[in-house]
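Chain letters run A, B, ... following the sequence lines, proteins first and then strands; every chain starts at 1.
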Amino acid sequence: MAEWDIQKLEEKYRDTWPEMFEADPDEREKFYLNVAFPYPSGAMHVGHGRTYIVPDVIARFWRMQDKNVLFPMAFHVTGTPVIGISRRIAKGDPETVRLYRDLYRVPEDVLARFDDPMTIVEYFARDYERIMQRCGLSIDWRRRFITVNPQYSKYIEWQYAHLKEGEHVVKGVHPVKYCPSCDNPVGDHDLMEGEKAEIMKFTLILFEWQGAKIPCATLRPETIYGVTNLWANPEVTYLRANVDGEKWILSREAAYKLEMQDHTVEVTGEVSGAEIVGSKASHPLCGEVPVLPAAFVDPDVGSGLVMSVPAHAPFDYIALRDLQEQGKFTEVEPVAIIKSEGYGEIPAKDAIERAGITHQLDPRMDEVTREVYGAELLHGTLLANCGDQASKPVKQARDDVAALMLEDYGSKVMFEFDTQNVVCRCGGRVYVKILHDQWFLQYSDPIWKAQVHEQINEMEIVPQEVRAEFDRTVDWLKDWACTRRVGLGTKLPWDQNWIIEPLSDSTLYMAFYTIAHHIKKIDPEKLTPEVFDYIIYGTGNPTTVPRETLDAIRAEFLYWYPYNYRFSAKDLISNHLTFQLFHHRAVMEEDKQPQGMVIFGMGLLNGAKMSSSKGNVVLLDDALNEFGPDTVRMFLVGSAEPWQDFDWRNELVIGAKKQIERFWNTVSEGIAVEENDGREIDGWLISRLQHRIEHTTTALQNFQTRQALQEAFFGIEADLKWYRRRLPTIAPGSAAIKELCSVWVRLLAPVVPYTSEELWHQLGHEGSVAFAPWPVADAAKIDEKTELAEEFLARTVEDIESIVRIIQMEPRAVNLYVAPAWKRQVFSIIAGAADPKKAIKLVMADEDLRSRGKEAADAAKQVTKFIHRLPPELVENVTAHDLDEMAVLTAAQEFLEREVKVPVRILEAEGSGEVKADTALPFKPAIVIE
RNA sequence: GCGAGGGUAGGUAAGCCAGGCCAAAACCGGCGGACUUAAGAUCCGUUCUCGCAGGAGUCCGUGGGUUCGAAUCCCACCCCUCGCACCA
């Protein structure tokens, strides 16, 4: 019997496998599964490993069920990250170089060529492919592509033509975070500071002022009715400017921001804050109000000029009060316009006084402000002095007044961050910019959303719980800017200045897999939209490619599509996974919609989040070298169900390795030993095996890889343990063991393909275990009575042992007293009773039993208690099979004596004269130790 | 802050939806023993507390509640993970 040497097994089989899993349409039923493809900008770690190994286990499982399984792979290389990496490497950025040279161990000569982004992705794509093959992934590599292949670009162009035709791609304006020094929009991950900053929409309310307008930015336009004054900072020099052709007064900062936000701003002069202070400004909805001085007014917030609503804004209230305490502007009175529960006439005043705030600089001012704003938004109603808005709830009035302002009073919208200091990685300040000419995928379209909801409802989603998250995401999605100026990718077909954004070019590639190996062979120039129309829809009359070629390609598409399952980690739910549903709905026909999704948990390393940038990773290649592919696979699919987070810990992985070794040794022994005569216990083993097959199959059908392993590995091992305990002196070489080995190797083949492949051959089978028939449970081999008898024995031995353990005497002999038949009668009656409370009455209704009087009543009580503690199926079996306990125990006498190491006597309880024998119950003999 | 999911014995984790089979599966780890020159592997026992007869007590994030009965149902609180976008 050879030692288990996984390295050798890997070398023996790895390179012969890739062609084996090339899948072509045939008469069998298909099973098509795919995974979110990787962006190969760095080395694979064990977290990536699980992403591909779990689907592979599922693929191998279904393949053995005689499904035609397609499992393809490609590489996503579009976008900007590798461009940044290549630049940083070219510059010699030490951190990046360290990551690639030391952690990912890229050879120096290769690293030297990493100044070209394509070199990076091509290098790592090859590396991924190599490592995936080491892992034994049953991928059809003929279909491999990368997302900048010209043929793929043609497919994307076709897709976008249809999206545009369906009016799902529209040109729009959109506020984005923008870094003027990079001259590019920036994502949150590009920010050094202010990552959580949100873009807020202010209304600029225009006040008449000496032939010009003073814009005041507000989030609460409805408070215009309560404006008593404006605030200007006397220390600030404001600008006079023509904004969109109108004369405005505003801060320098505000002028710059508005320019970024698509307004024309032409500076014509300056005016000091001091000059403005003391003058009057007016708005039709609040009349003429004075401009008051305020040092707290920040020119870098809003327009740099503020409207004041002292009744409802604590800052305004306290600033006004402070001025008035100095005897200034005493004629200004707060104007209350909102009634809100829990507050008096002037909520700002109440809140400040309740909090005991006496000074504007009190740090609790922000908190009090939030409190008042929140309370008024939730419960406030506008008062009678608010014109048309009177008695409206604040919530509604806010929107109505904002709309009114924009329509009738010349207001403009201004965007601002909710936090100051938003800084780009380049160190430059980030502003809100309105992008025009930008193309958007209109995910906000309610009709489109409704279609996706419908699809989510029809799909199988594993685990069920994430369905809610998908629905939430669909509701929450707004329009998505789908074009960029920089990065790798496909040009927008109708506007060549734009590149299709990388998330937006990878929503329908699952369909491309079905035809990729054919399409690759066609000159991209010939791949007109008509060609794809013909392949996907079967319409039109393309002439650039021979018709029989197209018919074959279309046939293949129709065979595989739609996909059965897509596998991905849960962090992609809120974008990619939901996007692809939108795109399928828009472009693919009704019967080509995604059928199912399986969502994975995340990976941890020793309890901490895996992160390449922090160096907290185990590279998959290293893990394969150290433990071998089967161990890595077994650990990754066995330590947690796919949707749970898993934690890679080396000491646990070593455990998995030992387990496979045990499996190897047991099966090798089984093969080596000469067949000998079967024993009765063989029937039990084979009967148990049927349950294991059934449970493993169900688990894998439900993607429960961990559960499957519990059954297929530990379950079978536990059965074997009992089997050997019952037959310690006989070598395990029976026909039953051979049968078990053959089944066992196949049950574990999806998880440990290398080990199983070798054992399968050693068992004398031709062909790969990957295509061997999956075991099917045979009901005829299930022998419930034997299983029950063994359970009875096991429980009895356990009971004896637990008693021996407690008593502190050395046992000399064990007497077992089997319960009399009439107690079995009691057991049946009680077990069958619908209402347990009436069970005792039922027992006493039996004449024979009643004649036993108190004895019967006591037994009934004991039996009731006992039944209560047993699993219901077991109770059912006990009743159904009416086990001859005497015979079972007698037959196992030798076994019992070996177990307890003293003579065992098996006796009838009835008439034994032993007091303790009275406690004998069916399925629970009385035990007396001498 | 908002949205989704989750907290079970030393660790991983099943059970929870359908309350009583639950002192709570399974695996790992720990401890003791057998085998061995030894280590490893393997096997046996043990791993909340108490108990010289198969039993009792306490326990499933915290605090309440419902129920004859709660890890499981309800309420509140605390803590953790993921997502919150123009980016893979």
Using the benzene-type ring in the case of Trp, are the ring centres of A:Phe440 and A:Trp480 under 6.0 Å apart?
no
Inter-nucleotide P distance (B:A71, B:A25), Å rounded:
15 Å
Ring centroids only, cut at 6.0 angstrom: are A:Phe579 and A:Tyr443 within range, meaning strictly under it?
yes
C1' atoms of B:G20 and B:C35, separation to the nearest Å:
45 Å
Any strand: nucleotide that pairs with B:G29 via Watson-Crick or wobble, under 3.5 Å:
B:U47
Side-chain contact test, heavy atoms from C-beta onward, threshold under 4.5 Å: evaluate it for A:Gln464 versus A:Ile461 and give yes or no.
no
Interatomic distance at P, B:C48 relative to B:C31, whole Å:
15 Å
Which value, in whole Å, describes the distance between the P atoms of nucleotides B:A13 and B:U8?
8 Å
Tell me which nucleotide, if any, is Watson-Crick or G-U wobble paired with B:C82 when both distances must be under 3.5 Å.
B:G3
Go ahead and name the base partner of B:A76; Watson-Crick or wobble counts if both distances stay under 3.5 Å, otherwise write none.
B:U62
Sorted by chain and residue number, the side chain to side chain donor-acceptor pair (under 3.5 Å) partners of A:Asn575 (sequence neighbours excluded) come out as none
Please report the distance separating the P of B:A26 from the corresponding atom of B:C78, rounded so that it comes out in whole Å.
37 Å
Would you measure the distance from the P atom in B:G57 across to the matching atom in B:G69 and give it in whole Å?
15 Å
Table of protein N/O atoms under 3.5 Å from nucleotides 12-16 of chain B N/O atoms:
from	atom 1	to	atom 2	distance (Å)
B:U12	O2'	A:Ser639	O	3.3
B:A13	O2'	A:Arg706	NH2	3.1
B:A14	OP1	A:Gln644	OE1	3.4
B:A14	OP1	A:Gln644	NE2	2.3
B:A14	OP2	A:Gln644	NE2	3.4

With sequence neighbours left out, write down each residue that passes side chain to side chain contact (heavy atoms under 4.5 Å, CB included) with A:Lys658, or none if nothing qualifies.
A:Ile654
Side chain of A:Phe714 only, heavy atoms from C-beta on: which candidate in B:A85, B:C27, B:A88 is closest?
B:C27
Of the options B:C82, B:A88, B:A85, whose atoms approach the side-chain atoms of A:Asp571 most closely?
B:C82
Do you see a donor-acceptor pair shorter than 3.5 Å between the side chains of A:Arg50 and A:His45?
no
Tell me: CE of A:Met200 to P of B:G1, nearest whole Å?
18 Å
Tell me: CZ of A:Arg692 to C1' of B:A26, nearest whole Å?
11 Å
Let's test this: given Watson-Crick or G-U wobble pairing with both distances under 3.5 Å, identify the partner of B:A53.
none
Between B:C27 and B:G63 - P atom distance, rounded Å:
32 Å
Using residues 468-478 of chain A as the side-chain source, report each donor-acceptor pair under 3.5 Å to any protein atom, sequence neighbours left out, with the distance given to one decimal.
from	atom 1	to	atom 2	distance (Å)
A:Asp471	OD1	A:His453	ND1	2.7
A:Thr473	OG1	A:Glu469	O	2.8
A:Asp475	OD1	A:His453	NE2	2.7

What pairs of nitrogen or oxygen atoms, one from the protein and one from nucleotides 4-10 of chain B, lie under 3.5 Å apart?
from	atom 1	to	atom 2	distance (Å)
B:A4	O2'	A:Glu469	OE1	3.1

Determine the interplanar angle of the A:Phe37 and A:His76 rings, folded into 0 to 90°, and report it as parallel if under 30°, tilted if 30 to 60°, perpendicular if over 60°.
parallel
Using the C1' atom as the reference point in each nucleotide, state the distance between B:C22 and B:A70 in Å, no decimals.
11 Å
Sequence neighbours excluded, the answer for side chain to side chain contact (heavy atoms under 4.5 Å, CB included) partners of A:Arg795 is A:Glu791, A:Leu870, A:Pro871, A:Leu874, A:Phe923
Qualifying residues under side chain to side chain donor-acceptor pair (under 3.5 Å), relative to A:Tyr128, sequence neighbours excluded
none
A:Phe646: partners by ring pair (Phe, Tyr, Trp, His ring centres under 6.0 Å), with sequence neighbours left out:
none
A:Glu711: which of A:Arg692, A:Arg706, A:Arg688 passes salt bridge (Lys or Arg N to Asp or Glu O under 4.0 Å):
A:Arg692
Which residue pairs satisfy the side chain to side chain donor-acceptor pair (under 3.5 Å) criterion with at least one member in residues 631-643 of chain A, sequence neighbours excluded?
A:Asp56-A:Arg633
Are there any protein N/O atoms within less than 3.5 Å of an N/O atom in nucleotides 53-57 of chain B, and if so, which ones and at what distance?
from	atom 1	to	atom 2	distance (Å)
B:A53	N6	A:Ile929	N	3.3
B:A53	N6	A:Ile929	O	2.7
B:A53	N1	A:Ile927	O	3.3
B:A53	N1	A:Ile929	N	3.0
B:G54	O6	A:Ile927	N	3.4
B:G54	N1	A:Pro925	O	3.4
B:G54	N2	A:Asp799	OD2	2.6

For a quick test of reading the model: is some side-chain N or O of A:Ser574 closer than 4.0 Å to OP1 or OP2 of B:G3?
no
Taking side chain to side chain donor-acceptor pair (under 3.5 Å) as the definition, give me every residue that meets it alongside A:Gln261, ordered by chain and number, with sequence neighbours left out.
none
Heavy-atom nearest nucleotide on RNA chain B for A:Pro81 versus A:Tyr443: which residue maps closer to 5'?
A:Tyr443
Would you tabulate the nitrogen or oxygen pairs shorter than 3.5 Å linking the protein to nucleotides 40-44 of chain B?
from	atom 1	to	atom 2	distance (Å)
B:A41	OP1	A:Lys658	NZ	3.0
B:U42	OP1	A:Arg662	NH1	3.2

